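We name chains A, B, ... by the order of the sequence lines, and we start the count at 1 in each one. Every value quoted in this text rests on a predicted model; they were computed, and no experiment measured them.
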2 protein chains.
Amino acid sequence: MAARRQYQELAQQLSAIGAVKRGLGRVLPSECPAGSAAVLGLLDRHGEMRMSRLAELMAIDMSVTSRHVAHVAERGWIDRSADPADKRSRILRLTPAGRDMLADLSERYMNALAHHLADWSDDEVDQLNALLGRLRASFGDCRAAPAAPAVPPPAAPPVLPVPPGEPVEAPAARTTRTPL
Amino acid sequence: MAARRQYQELAQQLSAIGAVKRGLGRVLPSECPAGSAAVLGLLDRHGEMRMSRLAELMAIDMSVTSRHVAHVAERGWIDRSADPADKRSRILRLTPAGRDMLADLSERYMNALAHHLADWSDDEVDQLNALLGRLRASFGDCRAAPAAPAVPPPAAPPVLPVPPGEPVEAPAARTTRTPL
DNA sequence: TATTGTTATACTCTATAACTATA
DNA sequence: TATAGTTATAGAGTATAACAATA
């Protein structure tokens, strides 16, 4: 439990971090804005998946996901095939063109970050990644479960010193769809 | 200098952190969205200032700042008085009503953060705050003046070959105002 | 002529709600 | 009836450009 002062600080830091995101976004090609880049990145990292899973990983409503996916599909970067097991679903998969774009994006992000974070150590980047991952996890139930259980779910609180091997994984949000 | 893997991780974390910001934003009163709250918070923290200074602190263009400021001024939360020393400028100052609103906002942020970050220690919050602050600083020259690259003008430019297409490094130097 | 701030317009991202087509 | 996904519409946030008033 932290002090009010720290929480206010955190709120302002989060508010201000948008500038960094916009700065990073400026290196992207105009055909592939941040939302599209996120779709490609997640499909690369987690492999083929359905819309609903992608919406969960992006922590945005499926309606929004649908538009991002349409954008990248129109450009041939992903492939939407029908799921034979459930014809309502569509399986999203990177195409070779998508992988090419991803390689381009990776170069651009790499250059920008290597430039701006030149004086950051390995450990510091790892630490920031770990804390951001944990922050996301702590806010993971923002959308679906408003009625917070009095007893916090026995989510094993990760101990701080996170080994730089495996990144903190997605927050496993409940649903990503407009409440029924 | 970190590894490509870590940079990609960071890019994804930053992309996903928007969900946390939106989650926090949901606790705000509808009359006072995040942009307005940021204006009030910065005026509280740094004291009265001019538009240009506020735009700098928010790291957004002054045109955008102008709209946020208009919003909060219309509601009587701040006061825009002419600067006697320069009639083009306006001095922004919190009103008592603004401080009341700020107290309300603080309660709301406090409750939300205390709820979601219940299992975070003091030190962890501090650590995250410090790293976010440093991240912002490292990206600080994204918009602002090129700030005379103190040491090496022939600074280590992009180490990696730039893929064909659009320039990776944006024209860099920018003030908080649309380029003239 | 340069600077401070405002306004007009456009674009990105998101949410809600209504719709379709399967299940 | 419920679920997977789409589309329509609205709103917040931002950027660029053109403008007004002052320096």
[X] side chain: which of [options] is closest?
| X | options | value |
| --- | --- | --- |
| A:P33 | D:dA4, C:dT6, C:dC13 | C:dC13 |
| B:D61 | C:dT6, D:dT16, D:dT14 | D:dT16 |
| B:S66 | D:dA15, D:dG13, C:dT7 | C:dT7 |
| B:S63 | D:dT6, D:dA15, C:dA15 | D:dA15 |
| A:H68 | C:dA15, C:dC13, C:dT4 | C:dC13 |

Subject >> A:R80 side chain near D:dT6 phosphate (N/O to OP1/OP2, under 4.0 Å) >> reply: yes

**OP:** May I ask you to evaluate whether A:S89 reaches the phosphate of D:dG5, defined as a side-chain N or O under 4.0 Å from OP1 or OP2?
**Re:**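 Answer yes for this pair, as a side-chain N or O of A:S89 is under 4.0 Å from OP1 or OP2.
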
**OP:** Could you give me the CA-CA distance, side-chain angles and deciding distance for B:M49 and B:L43, then say whether side chain to side chain contact (heavy atoms under 4.5 Å, CB included) is met?
**Re:** CA-CA 7 Å; B:M49 64 182 80; B:L43 282 177; 3.8 Å; yes

Between [atom2] on [N] and [atom1] on [X], what's the gap in Å once rounded to a whole number?
| X | N | atom1 | atom2 | answer |
| --- | --- | --- | --- | --- |
| B:L28 | D:dG11 | CG | P | 18 Å |
| A:L92 | D:dG5 | CG | C1' | 11 Å |
| A:H71 | D:dT6 | NE2 | P | 15 Å |

**OP:** Could you pick out which residue, A:T65 or B:S30, lies toward the 5' side of DNA chain D when each is mapped onto its nearest nucleotide?
**Re:** A:T65

**OP:** Fill in the dot-bracket string of DNA chain D, one character per base: . for unpaired, | for a pair to another strand, ( ) or [ ] for pairs within the strand, taking Watson-Crick or G-U pairs under 3.5 Å.
**Re:** |||||||||||||||||||.|||

Original post:
What nucleic acid atoms does A:A34 come within less than 4.0 Å of, heavy atoms only: base, sugar-phosphate, or nothing?
Top reply: sugar-phosphate

**OP:** Using only heavy-atom distances, determine whether the side chains of B:Q6 and A:D126 contain a donor-acceptor pair under 3.5 Å.
**Re:** yes

Original post:
Under a 4.0 Å N-O cut-off, is there an ion pair linking B:D44 with B:R99?
Top reply: yes

**OP:** Salt-bridge test for B:E9 and B:R4: reply yes if a basic N is under 4.0 Å from a carboxylate O, no otherwise.
**Re:**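 Result for this pair is no, no salt bridge flagged.
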
Original post:
How does protein contact run along nucleotides 18-23 of chain D, one letter per nucleotide 5' to 3', with B for base contact, S for sugar-phosphate only, - for none, heavy atoms under 4.0 Å?
Top reply: ---BBS

**OP:** Identify the heavy atoms of B:W120 and A:L131 that sit nearest to each other, and give their distance.
**Re:**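 Where B:W120 meets A:L131 most closely, the heavy atoms are CH2-O, 3.7 Å.
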
Subject >> pair A:L117-B:L135: side-chain heavy atoms closer than 4.5 Å >> reply: yes

Original post:
Taking the nucleotide of DNA chain C with the closest heavy atom to each, which residue, B:S15 or B:R53, is nearer the 5' end?
Top reply: B:R53

